[in-house]
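Comments concern the structure below.
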Amino acid sequence: MGNTEKIRVTSGSTPIKKKASGTVPHQSTPLHGPSECVSHAIEMSNLWVGPMPTDEFLKEFLPLDAGGPEVPDVAADYFHGITTGGTESQMYTTFISSVNGDQDKPTLIPGFKLVNSSDHPDASSRPDKKIRPDILMYPSDVDASRPTQFDRTEMVIELKAKGDCDGFSDPATSAATDHVWESCSKRRQKCRGQLIAYATEATARQHRVCGFILYVGGDMARFIRHDRSGAVVSSLFNYKENPDTLVSFFWRFAHAQPGIRGIDETVRLATQAEQDIARPLLQAWKPDIECPFIVLQVPSTDGTPSLAGTPMAYREFVAWGSVADAHSLTGRATRAWPVVDTKTKRVMFLKDSWRSTLPHMEKETDTLKILNDAGVEYVPRLECGDDLPGHSTRTIEFEHASWRCRGGRITPRSHNRFVEDFVGIPLKRFKSSQQMLKVIFHAFIAHRQAFERCGILHRDISGGNIMMTGDGRGILNDWDLARHISADGCRQHDRTGTWQFMSIKLLMDPASRHELQDDLESFFWAVVYHGFRYLKLATPASGTYLQERMSSIFDSYRHLSDDSIGGGEGKIAFLSSSLLRLRLQCKPMQKWVDTILDMVKALSDYAEQQRRFTMPSDQEDSPVPSVPSVNEQQSLPREMDREDSAISSFPNGMKLRILGPYLDREGLLTPPLPNEIEAQYLVAHVDCEDPPISSHPSNTEHMDRMEPPIPDYPSSIEKHEVLKRPFEPPTYFRDHEEMDRVFQDCLHNHVWPKDDAAQDQLPSMPSASRRGSKRSLDTDSEVSASKRRQGSGRQSSSLAPISA
């Protein structure tokens with residue numbers, strides 16, 4: 001590796017955003033209901049661009065075709081018959097009839113219809129996605145006996161009988177760039193979360209480039225157009241006083257081409273002949289919920305002739321059920337399918353995502369080409385693929401519009417689709433502990449070779465990105481966040497990865513730079529996560545207890561003042577106390593965990609000491625914070641900022657969450673203590689002549705030596721000389737060598753049990769993929785839902801979206 005071994009390798013700095021897409025597949029506890037709406041709203045915060053003038057909105061996003069039918073003129077009281085101010089259910093009927101038309105009024109949406117879906121969740125949605133939008137728009141030929149069909153809807157309409165739930169607050173003037181227009185009230189935040197939940201489900205169930213939402217609150221309304229970068233929101237207008245604006249919106253939408261309405265025209269339904277070829281080849285991935293065979297076009301560079309009516313060369317692949325779905329409205333929105341090339345009859349793997357196009361962002365297809373050309377082992381081989389022409393997000397175009405209120409930076413994205421030469425088996429399907437570690441070791445080799453031969457850092461090591469081949473080899477997949485280590489500057493506005501496997505440093509300091517050591521630490525968390533969840537424990541634990549422990553380690557987070565997300569306290573607690581650790585029954589695997597844990601803890605402790613001894617000078621004379629009693633600790637919020645919470649750091653990273661049960665009301669340790677806690681505490685105070693011990697029947701001799709706990713400020717710990725000595729950074733993880741040695745030793749110098757994999761030991765969780773097969777799903781629970789009717793072999797209608 002040469003000089004690379006001696007340098008500190010980094011790859012850019014970006015704040016972390018805890019997105020559902022990087023959390024849901026591996027979370028230990030489900031999230032649903034009102035809390036999910038709030039989570040959606042938080043995730044989407046500052047990505048609402050508005051308020052855009054309504055005339056500009058219609059002109060930009062729903063232009064009228066030259067020579068097309070003119071927008072009809074309507075009477076000034078056209079919408080006065082809509083009931084507002086009462087209940088929402090009273091409002092549905094009058095609103096729908098005003099738009100659909102009746103004997104007195106023509107329809108405003110020829111070729112479409114509005115349907116009351118407020119009492120009917122979609123039977124084909126996952127159990128945790130049983131949401132009920134108020135009104136949905138469908139093509140006229142859709143059977144409305146099932147009112148809610150997210151795979152066929154063209155538009156979501158949310159109605160509120162009164163106008164006090166609007167998620168936005170328009171400024172008094174048109175140019176108020178400092179105006180905060182995303183309302184912070186829980187009710188209005190929940191309303192925004194509802195809109196996002198509906199749009200997320202619709203875009204996950206269809207193939208779309210963008211989508212439209214109409215929000216109606218009493219006599220007022222807004223238009224919303226969303227894509228994978230964010231959403232553009234119109235200004236609020238009174239549709240009863242200005243009916244022409246709402247009439248024009250509906251009329252323009254109904255006469256717009258499918259691409260304008262947001263339909264992805266590179267996807268169609270498979271013909272019967274294509275289904276007959278693909279069905280036996282894709283039988284191993286037969287979806288739990290019946291869904292149609294589809295054909296996806298993939299950009300090709302191998303000279304395949306262009307398809308009729310398309311400007312570039314494509315290859316077509318038939319897919320059945322997806323094995324990965326998008327859980328967030330914005331971001332990469334990665335989806336994946338096993339697919340069949342009907343010409344060669346080969347089964348391959350297709351990945352579809354919306355990549356960031358910010359400067360210095362590499363295409364995953366380009367990265368795979370580099371890795372393949374360099375002969376890197378245990379990575380996929382690229383078959384074909386690239387960005388889809390014309391599929392770019394438009395929200396970015398209005399980031400700096402004069403009418404935009406205060407908001408965050410928008411990430412531009414392009415639609416990328418490519419095919420790899422293998423279909424991976426999820427890591428969790430391993431047969432034995434040795435196979436699990438061997439597969440992860442193969443991924444580690446791929447990571448090392450990519451780093452040493454190509455200077456590329458993966459930056460998203462996770463259980464979902466480490467796959468198995470049919471013959472038991474490991475594959476390191478998903479290189480879309482990979483980066484050349486020489487690249488400088490901020491990579492993207494929000495760094496998203498897989499939350500459960502991120503390093504402590506990245507979780508604790510969301511603005512820190514992503515380094516080699518962060519990826520290597522993620523390998524450790526991948527082993528720990530899959531070991532606890534899918535291997536037998538040395539001491540059996542109930543599913544509920546295991547769920548709580550894993551959630552505290554892998555899922556915990558806290559909101560920071562800059563709207564970013566932090567975490568890592570659960571992982572620090574796991575490293576700091578053996579009392580909080582679960583242990584594996586497999587001794588060679590536990591030895592690997594123990595050995596690497598010591599390395600990770602050394603790095604974590606060093607980072608903690610660095611943080612404390614580089615505290616800004618203006619904080620050195622700050623008053624010492626008091627330590628709360630145990631009862632007071634229990635009443636504190638669960639997520640807190642490290643400096644402001646009562647979970648202050650003791651020397652060497654000791655946390656009150658570990659010592660809490662052994663503190664009295666004055667915050668003093670109360671003996672007798674468990675041996676492990678006492679040993680750790682005394683080691684932390686090795687140079688302290690009189691460790692703080694409170695009175696206790698068995699230790700009354702210490703009553704004259706009581707001291708307050710050691711504060712978390714460097715200026716107040718002069719007497720603890722051990723903490724004043726210079727700290728040498730640990731040598732672990734400066735390169736791959738040390739972890740490689742541990743892998744080799746544990747895999748080759750120990751006797752491993754046979755076929756010791758266990759079933760998922762967590763309580764049943766909702767499926768992370770609604771249409772994947774049991775072999776390829778990200779969770780083990782079966783989807784309980786009605787089967788959808790299988791699509792026929794007809795070509796897609798020009799008016800209808802294609803279900804995913």
Side-chain angles (χ1 to χ4, degrees), residues 21 207-209 228 264-268 278 282 285 294-307 310-326 331-344 346-357 361-374 376 378-393 412-424 446 450 454 456 458-460 464-467 469 475-484 772 776 802 804:
S21 56
H207 295 273
R208 283 192 163 273
V209 175
R228 296 302 185 180
D264 182 351
E265 297 182 277
T266 65
V267 182
R268 63 173 176 82
L282 297 178
W285 299 276
I294 58 174
V295 175
L296 299 101
Q297 298 176 359
V298 180
S300 172
T301 56
D302 62 359
T304 304
S306 299
L307 300 176
T310 60
M312 70 175 297
Y314 286 94
R315 287 173 62 180
E316 291 193 319
F317 296 86
V318 182
W320 196 0
S322 66
V323 296
D325 285 329
R332 290 175 289 165
T334 301
R335 295 196 283 188
W337 297 262
V339 294
V340 171
D341 183 336
T342 56
K343 292 183 178 179
T344 65
R346 292 172 58 199
V347 177
M348 290 175 276
F349 190 74
L350 186 149
K351 181 176 177 180
D352 181 283
S353 65
W354 288 79
R355 70 176 189 88
S356 169
T357 56
M361 288 293 295
E362 296 89 355
K363 292 182 187 178
E364 186 171 5
T365 47
D366 291 346
T367 299
L368 286 176
K369 290 175 186 176
I370 294 172
L371 299 178
N372 293 162
D373 291 344
V376 174
Y378 306 116
V379 298
R381 181 158 292 278
L382 179 68
E383 180 73 15
C384 65
D386 206 335
D387 290 348
L388 293 166
H391 285 206
S392 298
T393 55
R413 297 187 179 275
S414 286
H415 197 178
N416 186 268
R417 187 180 294 159
F418 65 90
V419 173
E420 300 170 340
D421 67 346
F422 91 110
V423 181
C454 309
I456 291 176
H458 187 278
R459 303 178 78 249
D460 188 18
N465 294 340
I466 300 173
M467 309 290 287
T469 62
I475 295 288
L476 183 55
N477 202 18
D478 290 335
W479 293 80
D480 48 346
L481 290 184
R483 178 172 204 189
H484 280 87
S776 299
I802 302 300

query = Among Leu368, Leu350, Asp386, which residue meets the side chain to side chain contact (heavy atoms under 4.5 Å, CB included) test with Phe418?
reply =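 Only one option passes, and that is Leu368.
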
Would you give the length of the straight line joining atom [atom1] of [X] to atom [atom2] of [Y], rounded to the nearest 0.5 angstrom?
{"X": "Ile370", "Y": "Thr367", "atom1": "CD1", "atom2": "OG1", "result": "5.5 Å"}
{"X": "Arg417", "Y": "Leu388", "atom1": "CZ", "atom2": "CG", "result": "5.0 Å"}
{"X": "Phe422", "Y": "Thr469", "atom1": "CZ", "atom2": "OG1", "result": "7.5 Å"}
{"X": "Ser356", "Y": "Glu362", "atom1": "OG", "atom2": "CD", "result": "10.5 Å"}
{"X": "Asn372", "Y": "Leu382", "atom1": "CG", "atom2": "CG", "result": "6.5 Å"}

Partner residues of Tyr378 under the ring pair (Phe, Tyr, Trp, His ring centres under 6.0 Å) criterion, sequence neighbours left out =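 Counting only residues at least two positions away or on another chain, Tyr378 forms a ring pair (Phe, Tyr, Trp, His ring centres under 6.0 Å) with His442.
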
[Y] and [X], any side-chain heavy atoms less than 4.5 Å apart:
{"X": "Asp480", "Y": "Lys351", "answer": "yes"}
{"X": "Glu383", "Y": "Phe349", "answer": "no"}
{"X": "Val318", "Y": "Trp337", "answer": "no"}
{"X": "His207", "Y": "Leu296", "answer": "yes"}

task = Could you point out which residue of Thr334, Asp352, Asp387 forms a side-chain hydrogen bond (donor to acceptor under 3.5 Å, both in side chains) with Asn416?
result =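 Option passing the side-chain hydrogen bond (donor to acceptor under 3.5 Å, both in side chains) with Asn416: Asp387.
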
Show the nearest heavy-atom pair for residues [X] and [Y], with the distance to one decimal.
{"X": "Gly385", "Y": "Val298", "value": "CA-CG1, 3.7 Å"}
{"X": "Cys384", "Y": "Ser300", "value": "CB-CA, 4.5 Å"}
{"X": "Arg459", "Y": "Ala482", "value": "CD-C, 4.4 Å"}
{"X": "Leu282", "Y": "Pro338", "value": "CD2-O, 3.7 Å"}
{"X": "Met348", "Y": "Phe317", "value": "CE-CE2, 3.6 Å"}
{"X": "His458", "Y": "Asn477", "value": "NE2-O, 2.9 Å"}

request  = Using modelled atom types only, decide if a donor and an acceptor are shared between the side chain of Arg381 and the backbone of Asp421 within a distance under 3.5 Å.
outcome  =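 Between the backbone of Asp421 and the side chain of Arg381 there is no qualifying donor-acceptor contact (under 3.5 Å).
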
query = Any donor-acceptor pair under 3.5 Å linking the side chain of Asp460 with the backbone of Asn465?
reply =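 Not at all, since once roles are kept as given, no pair shorter than 3.5 Å links the two residues.
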
message = The test is side-chain contact (heavy atoms from CB on, under 4.5 Å); show your working for His415 and Asp264 and say whether it passes.
response = CA-CA 10 Å; His415 197 178; Asp264 182 351; 3.5 Å; yes

query = Between Trp479 and Asp366, does a side-chain contact (heavy atoms from CB on, under 4.5 Å) hold up when you go through it step by step?
reply = CA-CA 10 Å; Trp479 293 80; Asp366 291 346; over 6 Å; no

request  = Might you work through the side-chain contact (heavy atoms from CB on, under 4.5 Å) test for Ser322 and Arg335, ending with a clear yes or no?
outcome  = CA-CA 7 Å; Ser322 66; Arg335 295 196 283 188; 5.6 Å; no

request  = Output all residues satisfying side chain to side chain contact (heavy atoms under 4.5 Å, CB included) with Thr357, sequence neighbours left out; order by chain, then residue number.
outcome  =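 If we apply the side chain to side chain contact (heavy atoms under 4.5 Å, CB included) test to Thr357, skipping adjacent residues, the hits are Arg355, Pro412, Ser414.
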
request  = Identify whether the distance between the nearest side-chain nitrogen and carboxylate oxygen of Arg332 and Asp478 falls below 4.0 Å.
outcome  =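 Result for this pair is no, no salt bridge flagged.
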
task = Kindly determine whether Leu476 and Ile466 satisfy side-chain contact (heavy atoms from CB on, under 4.5 Å), including the steps that lead there.
result = CA-CA 5 Å; Leu476 183 55; Ile466 300 173; 4.3 Å; yes

